[in-house]
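The structure appears below as structure tokens.
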Number of protein chains: 2
Amino acid sequence: MASSGVRRTISTERPRSGETRQVLVVAATSALRDVGFAGASAREIARRAGCNQSQVFYHFGSVVELLLAALDEVSASRMAAYRSVLDQATTLTGLVESAQTILTEDLDSGYVTVLVEMISGAQSVPGLGDQVAQRLVPWKAFAEEAVKRALGAAPLGPLVPAGEAAHAIVAGLLGLELLANLDGDRTQAIALFGRARMLVGLLELTGALPGMSAPGQP
Amino acid sequence: MASSGVRRTISTERPRSGETRQVLVVAATSALRDVGFAGASAREIARRAGCNQSQVFYHFGSVVELLLAALDEVSASRMAAYRSVLDQATTLTGLVESAQTILTEDLDSGYVTVLVEMISGAQSVPGLGDQVAQRLVPWKAFAEEAVKRALGAAPLGPLVPAGEAAHAIVAGLLGLELLANLDGDRTQAIALFGRARMLVGLLELTGALPGMSAPGQP
DNA sequence: GTCTATACTTGGATAGAC
DNA sequence: GTCTATCCAAGTATAGAC
């Protein structure tokens, strides 16, 4: 051994290094989406991951820790997508269009559901609320930045503080997801995205909304 | 016996008729609010009600049925309050002011949390989603009526279909509650209510919003 | 790292005494 | 109607073999 010079074959050989861990995270995500927080047990998740229930505890210590890891991953992946959209947008209409696309994607994939279930489930587990709240901070900050850039030098910008608007936007999305999941019907949420797009276009025409400010300069 | 002529003393004497049932409903409400759907077990609820766990099944057949009964009661009581506000309002500003008061009340009492927990918890129990969705129908209808009366003959009314607006409002409130419960901080939600009130006042001044239409005539 | 087996806990639900 | 006792299912978590 050790002839090939590849480190991973030397001594700490890991048959499927980190693979199960990752599979469990994916399974946890799908469980949160399909059967909710109350249904996302170690056994349910392991079943979806195709491995034994004990792996949950070996890799994550507890079910809640695994669920938080799933939230982290979804959050990071989605944040990257949104960040990219925001940074590439040059016009407000363009931004809203891109946002609509990515938002619909979220709705279809159930990514926001993961967050919603963790928030509502946090009520049942002492201490979980803080953990989830921490992970929401970057999203609030992101929404605030987006609002600042979108409103930019808008004449009635001061009427709507970015912080408040960001809170409203996050709340609105969570609520839409909640309702969409309830009846498995996303058309109403999607219709609202379209409506927002239309209204923004209209406001832009009237001159109430100027162009966007550049990235990094809210 | 049967001398007094009062029916309830004849034969089917019920020591504390219907009392436990009602206490259980109240306990279920508080459990949903404090420990969420996942924590609202028969034992937890019975503990709060000060009775034995078996009473849940005697009176309601199952935990879920009890939770639905709690949702029904909260829903009916709150609907009456909102209905009264809407019917008594004559000006839009007055309506928004009253709505702010009652909404803050909901936030403080955690009534909306009951709904939020039932919606998110519905993911875990097959068939529960439909039950909860049914109970949401009157609220959507109510919100739609409110929007119609508020926008009334507004010049830009056609730009915002009442159905869509109602959906957005319900979603927004649910989302605000979700966030408020997470960090136990209702100030941001309350600030938004104040902001809405200010904006409506402003729009009324500019003439973009006319007076309200009368009750029953959206 | 992964599995089996197992200990322990909690929860849903029912039977039967009062 | 209410309680005690009890059964059974499901869940968390750990120990130990491979």
Side-chain angles (χ1 to χ4, degrees), chain A residues 7-28 31-32 34-70 117 121-128, chain B residues 8-28 31-32 34-70 117 121-128 131:
Chain A
R7 284 224 186 87
R8 46 186 275 276
T9 62
I10 295 186
S11 65
T12 54
E13 192 188 26
R14 288 169 196 170
R16 293 192 267 152
S17 81
E19 195 178 303
T20 296
R21 196 185 158 90
Q22 180 56 23
V23 172
L24 278 172
V25 169
V26 173
L32 277 174
D34 296 346
V35 295
F37 182 89
S41 67
R43 287 180 152 89
E44 173 66 28
I45 295 170
R47 197 181 57 74
R48 288 165 185 261
C51 71
N52 190 273
Q53 166 252 147
S54 63
Q55 297 306 305
V56 169
F57 304 97
Y58 174 78
H59 286 287
F60 297 92
S62 75
V63 177
V64 168
E65 285 300 316
L66 168 54
L67 296 179
L68 282 172
E117 286 296 325
Q123 301 289 319
S124 323
V125 182
L128 183 53
Chain B
R8 47 185 274 278
T9 62
I10 297 186
S11 66
T12 55
E13 190 189 27
R14 289 171 197 171
R16 294 191 268 152
S17 80
E19 195 179 302
T20 295
R21 196 186 157 90
Q22 181 56 24
V23 171
L24 278 172
V25 170
V26 173
L32 276 174
D34 295 346
V35 295
F37 183 89
S41 67
R43 288 178 156 91
E44 172 67 27
I45 295 170
R47 195 181 59 73
R48 288 165 184 262
C51 73
N52 190 274
Q53 165 251 146
S54 63
Q55 298 306 304
V56 169
F57 304 96
Y58 175 78
H59 287 287
F60 298 91
S62 74
V63 176
V64 168
E65 284 300 315
L66 168 53
L67 296 179
L68 282 172
E117 286 295 325
Q123 300 290 318
S124 324
V125 182
L128 183 54
Q131 297 287 319

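Lettering of chains follows the sequences in order, A, B, ..., and the numbering in each one begins at 1. When reading the values below, keep in mind they use all heavy atoms of this one structure, side chains included, and skip hydrogens, waters and symmetry mates.
- The distance from atom OH of B/Y58 to atom P of C/dG16 is 16 Å, rounded to the nearest whole Å.
- For the pair B/R47 CZ and D/dC3 C1', the interatomic distance rounds to 19 Å; values are reported in whole Å.
- Nearest nucleotide to the B/V63 side chain, out of D/dC3, C/dG12, D/dA13: C/dG12.
- Taking atom NE2 on A/H59 and atom P on D/dA13, their separation rounds to 16 Å, with Å as the unit.
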Show me the donor-acceptor pairs within less than 3.5 Å that the side chains of residues 58-67 of chain B make with the rest of the protein, sequence neighbours left out.
unit_1 : atom_1 : unit_2 : atom_2 : d
B/S62  : OG     : B/E65  : N      : 3.2

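- Taking each heavy atom of B/C51 and B/T20 in turn, the nearest pair found is SG-CG2, 4.3 Å.
- What separates CG of B/N52 from P of C/dT14 is a distance of 15 Å, to the nearest Å.
- Panel note: side chain A/Q53, backbone A/A42; no donor-acceptor pair is recorded below 3.5 Å.
- Which of D/dA13, C/dT2, C/dT4 sits closest to the side chain of A/S54 comes down to C/dT4.
- The nucleotide whose nearest atom lies closest to any side-chain atom of B/T20 is, among D/dT2, C/dG12, D/dA13, D/dT2.
- In this structure, A/F57 atom CZ and D/dG16 atom P are separated by 18 Å, rounded to whole Å.
- The nearest whole Å value for the distance from the CD atom in A/Q22 to the P atom in C/dG1 is 14 Å.
- The distance from the CG atom of A/D34 to the OG atom of B/S124 is 11.0 Å, given to the nearest 0.5 Å.
- For B/R43 and D/dA10, the CZ to C1' distance is 13 Å, given to the nearest whole Å.
- Mapped onto DNA chain D by nearest heavy atom, B/Q53 and B/R21 fall at different nucleotides, with B/R21 at the one closer to the 5' end.
- Taking atom CD of residue A/E44 and atom P of nucleotide D/dA9, one finds them 18 Å apart after rounding to whole Å.
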